[in-house]
Structure formats: structure tokens, C-alpha cells
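Some notes on the structure that comes next.
Below, all heavy atoms of this structure are taken into account, side chains as well, without hydrogens, waters or symmetry copies. Ligands are counted one by one from 1 in listed order, and the atoms in each one are counted from 1 as well. Worth saying up front: this structure is predicted, and the values here are computed from it rather than measured.
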Amino acid sequence: MLDGLDLARPELLSGQSLIDGAWTDCERVIPVINPATGRKIGDVGDCGAHDAERAVAAASRALPGWRAIAPRTRQAALLRWRELILANAEDLARILTAEQGKPLVEARGEIHYAASFLEWFAEEAKRAYGDIIPGHQPDKRLLVLREPVGVVGAITPWNFPAAMITRKVGPALAVGCTMVLKPSELTPYTALALARLAVESALIPPGVFNVVVGEAEPIGAVLTQDPRVRKFSFTGSTAVGKMLGARCMSTVKRVSLELGGNAPFIVFDDADLGQAVEGAIASKFRNTGQTCVCANRLLVQSGVYSAFAEHLAERVSELAVGDGLKGQMDQGPLINEAALRKVERHVEDARAGGASALTGGHALPGEGCFYAPTVLVDVAPDALLCREETFGPVAGLVRFETEAEAIGLANEGTAGLASYLYTRDLDRAFRVTEALRYGMVGVNTGLISTEVAPFGGVRESGLGREGARQGLDDYLDYKLMCLGLAPDPGGRSG
Ligand code: NAP
């Protein structure tokens, strides 16, 4: 087995896409690279537009049967799939680490997080309630029904190769939709292993869940423009999401977008510094800084600036960096060379603006795309690091004096996904939370994601919410039944 993968079930590492319940080979292949070593894990089939169309046709055929069955039957299917994921969690985690790079302990956590969405939405399957509204006229009765939107096209990124999938397919299948998924070609093996387990569950019929791996553009064109696809759900960068969302308007699809962030992490003078440092480590350095909710700019009030910076640098310098499959690591590689270059560019730019590194500040020599975990001080608020997602293990610290200044800095830009603040003043916690133009605010915590709470952004960070009861809404349409009653033959009864 390549790269020390050492799987209990080697057949879970397969490069075939799943279309209409059948494993599909392609003429061309895409190599999948382990970012920790730069070596190839294997080749996956490169599906094209034709395969995507076949998958959409299969999802359309499967739709009437799947939506017609009782919610509790769909619930049983999702729960069976979840059981299989948990039973194979170690293999899934190893595949995930091999192709994505996150330390094994984080990969294991992601597999459990991914499974949690199937459990949550299996439960919610029975709760897609409608409404009964008092009639607007004496002979009218108004019923609002909830119905599945239909075939869903979904595109997911490489940074959470399992959880971003189940966060979409869980609610979709729970309410009776069918799906065609295109995972990132950088991390297709995890998606295909999940698909193998869905088939193994024997409760998800052919065509209900299809996974089409391949070059993004042709498959994306089908998922955004085929009229049979009635909803498009995307997680990825803001630029690509805007472009694909706009394409969906040619057939007026329902659109959900989970896009990029630029999270401010505010530490006030009255914060518990130990808690703030641990929160910064959790938020900034999870997945080596490659999450959409990672703290991107750390705004620290002048009274605690030096103490916070020193304490953080000390902790960051202790982080173990390396191949997640080989020993206990805290940090893995960046996903590829381009990501490494972007981090280098951001650090150079910050240095040119007056910043200096308390620890790190350079790429690591040797194989793989590793960058030393870094703390930069005296970062200018207009540095690239503060304006764009760095997506790497670099904590850039900006100094501020007043609460109003911190809110102003935090709200700069167009992103509105996650934000964080640390204070022991309850009034300030509410005041600042209400002033932040973000979809999510972590107060005295750096970890905010759970399947039971609505995840999503405002401004240019997205449309819609995933997880929680709100996560069902994006996969359901409303249908009004306006019932006209015949006149009461006996006059007004009662
Ligand atoms: P990306 O480049 O936008 O890619 C995301 C997905 O879109 C991948 O499957 C990619 O395919 C596909 N794609 C790219 N160009 C496409 C095109 N022209 N047509 C159709 N599909 C296309 O983003 P990424 O670099 O993978 O992911 C990182 C970004 O995702 C960050 O901005 C992060 O903040 C964001 N993100 C947001 C959330 C959230 O919930 N808000 C969660 C996770 C990540 P290939 O990879 O195969 O090219």
C-alpha cells in the first residue's frame, strides 16, 4: 500500500465514479497526490460532461421513487450509511489524511463530524413540517406543504473532503431529493469511499446518490445549466461560487453558496489571555490554517498585545509539523505548491509593511508543501494577510486601541462568514456580537462548528445555511394548497 496507508479494507481506495449505482471507468485519469510527500497515491477516472449528464439522468429517474417513500425509510438508509462510516472510520481517516494532508487525529475528527450530519438529518427527515394558515375567506382553507426541490447538483472543496459532502447529501436525501456530487479532484478518494459505503448500505437505491469525479469545468457546466437539476449547492471559493451561482440563473435553480471567509479574531484587554491563546490555536491552526472559518487576522488590544503575542508564539513554536500518517502531528502540509506560494506572498507582503516574525515565517525544506507555523507582529491592517484569506498557518497580529476601532477593522472587506471575540465583559460581548457583520460569532471560543447549529455566511460569504434545522430548508420548496369549500348546504353549522 502506497504512502503507508495500511487500510483494513483496501477496496475503499477506488478511483471509479458512481453513476446510477454502477462503478464507472473513464478513458482518462487524474493523478491524486499526497501533499505531505509529493508522491502519487493513485489515479482516479476523469469523468466528463457526458458522464455528468448520465448521472443527472439517473438522479432524475430515481427521484419519484425516493421522494415517495416514507421519511422513516429514508431515515433508516441514512443511519445505516452512518453506521458503515463509523465502522470504517479509521480507513476513511487514513485516506483523508493521505490525500488532504491534515493530521490523522483531525481526519478522525472530520469523519465523526461527517457522520454526525447523517445522524442529524436522518432525525430531521421526519420533521419537514408544513403549515396550516387560517383562511383569508370563510370558504377557504390554506395548507402549506413542504416538498423536495428535486435533483441537486453539488460541488465540494478539498479542505473537508468528507464533512462538506455529508452536510449537503444528508439533508438532500433526508427530504427526498436525489444528488449528483462533484468533489474536488484534489481529494476524490474520500468522496468515492463514502460512496462505496452508501452502496454497501443497500438502502440507498441506484441513482439517488451519484459521485462524478473529473475536471471541474465540464462537470460544473452540467450541474449549473442542466434544467433537470433544480438546486445547486456549492462550497468553495467566493470567486468560483459567484460565477457558478450566476450560471444557475439561466434555469432559475435554487442556489446555496458556502464561500470564503476572512475571519477577524478580536482579543480585548479584559480577555482571559490563556483562553484566548488556546482559542487562537484552535481557530487559526486547524487543518494547517486551511478552513473557511480560520481566524485570518488577529486584532489585539494594545494593553495585552505583547503578552498575547509572546504567549501565542511560544505555543505555536511547539506545534509538531509533518506527515499526518507518520506519528502524532499538530500541523500537516498545505494542499499544493500554489497554496504554499500564496502563504509566502502574504508573509513577504506583511514584512514589507513592517511586520516581523516571532516564530516561523518560512517554508520548510524537504519533500511536501510544508510551511512553518508562524506568528507575525505589527501587521498593518491593509496588508494582504488582512484583506484575503491566507489559508495557511500564519497568525498575523494587528494592534488596536478602542472597541470602535476593532469593530471597524473587523467589518472591513466583503466577507461575512465567521468572527471571534474574547472579553470577560458581558455587555461588550453582546454589543460587539451585534455590531459584527458576520453569519457566525465565536465568543470566548475558537471552535464554532457543529451539526446542530446553522453554519453559513452573510455578505459575500454565501447564501443559505447548512446543518441544524435550517439546513433542511434549502432542499425544500413550499407548495400552497388553497382549498375552496362548497357552500354549507345546511347554512352555518354549529
Ligand atoms: P475552489 O477552487 O472554489 O474549489 C471548490 C470546488 O469548486 C472544487 O470542487 C473545485 O473543483 C470546483 N471548481 C473550481 N472551479 C470550477 C469551475 N470553473 N467550474 C466548476 N467547479 C469548479 O475552492 P477550494 O480552493 O477548493 O476551497 C477553498 C475555499 O473554499 C476557501 O475559500 C474556503 O473558505 C472555502 N470554503 C468555504 C466553506 C464554507 O462552508 N463557507 C467551507 C469550506 C471551504 P477542483 O478542485 O476539482 O478544481
Side-chain angles (χ1 to χ4, degrees), residues 17 30-33 35 44 46-49 52 99-100 102 110 113-114 117 153-168 180-191 211-226 229 232-248 256-263 286-296 334-336 338-339 342 388-392 414-419 438-440 448-449 451 453-467 471 474:
S17 284
I30 299 174
V32 182
I33 306 296
V44 293
D46 179 7
C47 293
E99 65 179 358
Q100 200 275 332
K102 68 180 61 173
E110 180 178 344
Y113 183 45
F117 287 107
I155 295 185
T156 49
W158 51 265
N159 64 345
F160 286 90
M164 295 304 97
I165 292 173
T166 54
R167 205 161 74 168
K168 297 184 191 305
V180 178
L181 166 77
K182 188 210 88 66
S184 170
E185 66 197 74
L186 299 175
T187 55
Y189 280 125
T190 307
V211 180
V212 183
V213 173
E215 203 190 313
E217 181 64 37
I219 298 172
V222 173
L223 298 185
T224 52
Q225 287 166 37
D226 189 308
V229 176
F232 178 67
S233 181
F234 174 84
T235 300
S237 64
T238 304
V240 174
K242 281 182 185 177
M243 186 265 291
L244 297 178
R247 279 196 199 155
C248 288
S256 295
L257 301 173
E258 292 286 351
L259 307 178
N262 177 6
R286 192 157 65 105
N287 199 11
T288 317
Q290 302 171 109
T291 89
C292 54
V293 292
C294 272
N296 200 49
L334 293 164
I335 188 68
N336 56 22
K342 182 179 185 187
E388 293 177 10
E389 269 182 311
T390 303
F391 246 53
T414 54
L417 192 60
S419 55
Y438 287 81
M440 297 172 284
I448 54 175
S449 306
E451 77 282 7
F455 186 103
V458 297
R459 301 199 279 172
E460 294 193 11
S461 286
L463 294 173
R465 290 292 180 274
E466 291 192 328
D474 284 1

### Query
Is the NZ or CZ atom of Arg167 both under 6.0 Å from the centre of the six-membered ring of Tyr113 and within 45° of that ring's axis?
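Not satisfied by the 6.0 Å and 45° rule.
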
### Task
Using the six-membered ring of Phe160, assess whether NZ or CZ of Lys102 lies under 6.0 Å from its centre and within 45 degrees of the ring axis.
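So Lys102 does make the cation-pi contact.
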
In the structure I gave you, are the side-chain heavy atoms of [X] and [Y] within less than 4.5 Å of one another anywhere?
X: Thr291; Y: Phe391; value: no
X: Val32; Y: Pro188; value: yes
X: Ile335; Y: Asn159; value: no

For ligand 1, is there an N or O atom under 3.5 Å from any N or O atom of [X]?
X: Thr291; value: no
X: Glu389; value: yes
X: Thr238; value: no
X: Thr235; value: no
X: Gly236; value: yes

### Message
Run the side chain to side chain donor-acceptor pair (under 3.5 Å) test on Thr235 and Lys168 for me, step by step, so that the C-alpha distance in whole Å, both residues' side-chain angles and the decisive distance to 0.1 Å come before the verdict.
### Response
CA-CA 10 Å; Thr235 300; Lys168 297 184 191 305; 2.7 Å; yes

Report the part of [X] in contact with ligand 1, treating N, CA, C, O as backbone and CB onward as side chain, heavy atoms under 4.0 Å; options are side chain, backbone, both, neither.
X: Thr156; result: backbone
X: Met164; result: side chain
X: Ile219; result: neither
X: Phe160; result: neither
X: Arg167; result: side chain

Heavy-atom nearest neighbour in the protein, as seen from [atom], with distance rounded to 0.1 Å:
atom: atom 3 (O) of ligand 1; result: Ser237 OG, 2.6 Å
atom: atom 6 (C) of ligand 1; result: Ile155 CG2, 3.5 Å
atom: atom 27 (O) of ligand 1; result: Pro157 CB, 3.5 Å
atom: atom 22 (C) of ligand 1; result: Ala216 CB, 3.4 Å
atom: atom 41 (N) of ligand 1; result: Leu259 O, 2.8 Å
atom: atom 33 (C) of ligand 1; result: Phe391 CZ, 3.4 Å
atom: atom 10 (C) of ligand 1; result: Lys182 NZ, 4.0 Å
atom: atom 14 (C) of ligand 1; result: Val240 CG1, 3.8 Å

### Message
Show, in sequence, the C-alpha distance, side-chain angles and deciding distance for Arg286 and Ser449, and conclude whether the side-chain contact (heavy atoms from CB on, under 4.5 Å) test is met.
### Response
CA-CA 12 Å; Arg286 192 157 65 105; Ser449 306; 4.1 Å; yes

### Task
For atom 19 (N) of ligand 1, state whether the nearest protein heavy atom is under 4.0 Å away.
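Within 4.0 Å: yes, protein heavy atom nearby.
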
### Message
I'd like to know if Glu258 and Arg465 make a salt bridge, using a cut-off of under 4.0 Å between side-chain N and carboxylate O.
### Response
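Between Arg465 and Glu258 there is no salt bridge, as every charged N stays at least 4.0 Å from the carboxylate O atoms.
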
Can you name the atoms of ligand 1, numbered from 1 with element, that are less than 4.0 Å from a heavy atom of [X]?
X: Leu417; value: 41 (N)
X: Met243; value: 18 (N)
X: Glu185; value: 45 (P), 46 (O), 47 (O), 48 (O)
X: Asn159; value: 43 (C), 44 (C)
X: Leu244; value: 19 (N), 20 (C), 21 (N)
X: Ser184; value: 9 (O), 45 (P), 46 (O), 47 (O)
X: Phe234; value: 3 (O), 5 (C), 6 (C), 7 (O)

### Query
Yes or no on side-chain contact (heavy atoms from CB on, under 4.5 Å) for Leu463 and Ser256, after CA distance, side-chain angles and deciding distance?
CA-CA 5 Å; Leu463 294 173; Ser256 295; 5.8 Å; no

### Message
When you measure from the side chain of Thr288 to the backbone of Leu334, do you find a donor-acceptor pair of N or O atoms at a distance under 3.5 Å?
### Response
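No, because the side chain of Thr288 does not come within donor-acceptor range (under 3.5 Å) of the backbone of Leu334.
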
### Query
Passes side chain to side chain donor-acceptor pair (under 3.5 Å), Glu388 versus Asn296? Steps please.
CA-CA 8 Å; Glu388 293 177 10; Asn296 200 49; over 6 Å; no

### Task
May I have the step-by-step check of side chain to side chain donor-acceptor pair (under 3.5 Å) for Thr190 and Glu99, ending in yes or no?
CA-CA 8 Å; Thr190 307; Glu99 65 179 358; 2.5 Å; yes

### Message
Does Ser237 form a side-chain contact (heavy atoms from CB on, under 4.5 Å) with Glu389? I'd like the steps, not just the answer.
### Response
CA-CA 10 Å; Ser237 64; Glu389 269 182 311; 5.9 Å; no

### Task
Please test Tyr438 against Arg459 for side-chain contact (heavy atoms from CB on, under 4.5 Å), starting from the C-alpha separation and ending with a verdict.
CA-CA 8 Å; Tyr438 287 81; Arg459 301 199 279 172; 3.8 Å; yes

### Message
I'd like to know if the side chain of Thr156 pairs up with that of Lys182 as donor and acceptor (distance under 3.5 Å, no hydrogens or angles considered).
### Response
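Result is no, nothing qualifies.
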
